[in-house]
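So the structure is just underneath, and the comments pick up after that.
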2 protein chains.
Amino acid sequence: MEQEIKIPTTRNGKATFNAIVESAIDLFYKQGYHDTTIGNITTQAGIGAGTFYLYFPNKLALYKYILMELQHDIRRRIAEKVASVHGRYEKEKVGIETFIQYALDYPYSYNIIWESLYIDKKLFIDYYDGFAKRYERGLKQSIIDGEMYDVDTELVSYILMGVANFVGLKVLLNLGRDNDDLSSIVDNVMKIIRTGIFK
Amino acid sequence: MEQEIKIPTTRNGKATFNAIVESAIDLFYKQGYHDTTIGNITTQAGIGAGTFYLYFPNKLALYKYILMELQHDIRRRIAEKVASVHGRYEKEKVGIETFIQYALDYPYSYNIIWESLYIDKKLFIDYYDGFAKRYERGLKQSIIDGEMYDVDTELVSYILMGVANFVGLKVLLNLGRDNDDLSSIVDNVMKIIRTGIFK
DNA sequence: CTATAATATGAACAACCATTCAGTTTATGA
DNA sequence: TCATAAACTGAATGGTTGTTCATATTATAG
């Protein structure tokens, strides 16, 4: 059912493989998954149409490969940054900031991840479910440490993902005003998360 | 550039038009926009392939029509419910609850709205930008009334949309645990928005 | 009842696209 | 250098889909 990706062994093969992946990322971002043809990808990569099938059984397998790479990349980056600061408040702040900065550095990432909902719903569910479960661990520890109220950690995971995703969306698509200074945006977000919005 | 939708005049014509729209909603939800063919829609609607083109110039125009209908429907419903209670806290609570309840009642709505990002990015931007601008008006008034801290209303709009969307996603896709009692989920969300999460 | 407009049909056409494959070139290890 | 494996090619194939159109049916106003 699930065919395999063939990882090349030679230097040339690796270059071709990378050219396919890079072209696909660019095209999936610019035209979306469904409007991107194998022909588009191979042309942009500067290779023959048949060469694609040396490495990938089909377009879906290529998309899954890219999604997994992205997922690992984002998680690793957030984990590194978060580990470098102390206290849940600081960790939360750095987590949100890193997430949004990642979206700004790699604007295609947002598009490609969200599009999974329309390519294979299971991919989307696994992505956010996995993200939430990682989140929960940190939150649970913070409650034990007395830094956080005794909240429903699972619900808070989704709330914080929602906040990061939609503020990121605003910044990325430049919706509304004041999207220049990321650091000040994150400060504002944290202030709201810290104290709530109602008097 | 933008061709017109033809609204039928007779009773039979209206029935056919509705059958097309209902079939399309069902299929866009189940298989996604791109995997739904005009043939699928006309077959499910029980009409000939050519009949589709009596009313819609192409698939995109049909999608836009459905998206606009949905947008009006959601906004109207939220506006009605929110108008029936007093105080910003209660309004916010009812707004989030109505939004999630709508997603549960019409599970296709989520899919179809988010998919706009992959059909025509402008549709997506207009949708959320419009939603945020409406939100802001209410928040500004609440600050004047002294019910809310002097927050960045635009930022808070996106934060609250993010919360509602991701908690809605969790409930709709049944991610994690405890998705049965919507009322208690909303209570928890409100508690967190009210007081923040950090001690 | 009848003329006319509205509605409906589905075969036919043309464009597009994923995938295969027989043959060619290139790299590499011995 | 040379044998072998890896990498590469692009024309050809077959299936799918959006859209048109000549023709047919149905509804309705007068």
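Proteins get letters first, then strands, A, B, ... in listed order; numbering begins at 1 in each.
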Legend entry - Among D/dC8, C/dT7, C/dT19, the one nearest B/Pro8 by side-chain distance: C/dT7
Inset, instruction - Determine: side-chain N/O of A/Thr10 to OP1/OP2 of C/dT26, distance under 4.0 Å, yes or no. - result: no
Inset, instruction - Determine the contact category for A/Thr51: base if any of its heavy atoms lies under 4.0 Å from a base atom, sugar-phosphate if only primed atoms, P, OP1 or OP2 are that close, otherwise nothing. - result: base
Legend entry - Flag for A/Thr153-A/Glu136: side-chain donor and acceptor within less than 3.5 Å: yes
Legend entry - Which nucleotide in D/dA7, D/dT20, C/dA18 has an atom nearest any side-chain atom of B/Tyr53: D/dT20
Legend entry - Polar side chain donor-acceptor pair, A/Gln141 to A/Asp145, under 3.5 angstrom: yes
Inset, instruction - Decide whether A/Tyr102 and A/Asp73 meet the rule of one side-chain donor and one side-chain acceptor closer than 3.5 Å. - result: yes
Inset, instruction - Can you tell me the distance, in whole Å, between the CG atom of A/Leu62 and the P atom of C/dC17? - result: 17 Å
Legend entry - Atom-to-atom span, CZ of A/Phe56 to P of C/dT19 - whole angstrom: 13 Å
Legend entry - From D/dT9, D/dT17, C/dT20, nucleotide with atom closest to A/Ile47 side chain: D/dT9
Legend entry - Distance-only polar pair, side chains of B/Asn179 and B/Asn174, donor-acceptor under 3.5 Å: yes
Legend entry - Closest listed nucleotide, where the reference is the side chain of A/Tyr55 and the choices are D/dT17, D/dC8, D/dT19: D/dC8
Legend entry - Closest listed nucleotide, where the reference is the side chain of B/Asn12 and the choices are D/dA7, C/dA8, C/dC17: C/dA8
Inset, instruction - Tell me what A/Lys6 touches on the nucleic acid: a base, only sugar-phosphate, or nothing, going by heavy atoms under 4.0 Å. - result: sugar-phosphate
Inset, instruction - Using only side-chain N and O atoms of A/Thr9, determine if any of them is under 4.0 Å from OP1 or OP2 of D/dA7. - result: yes
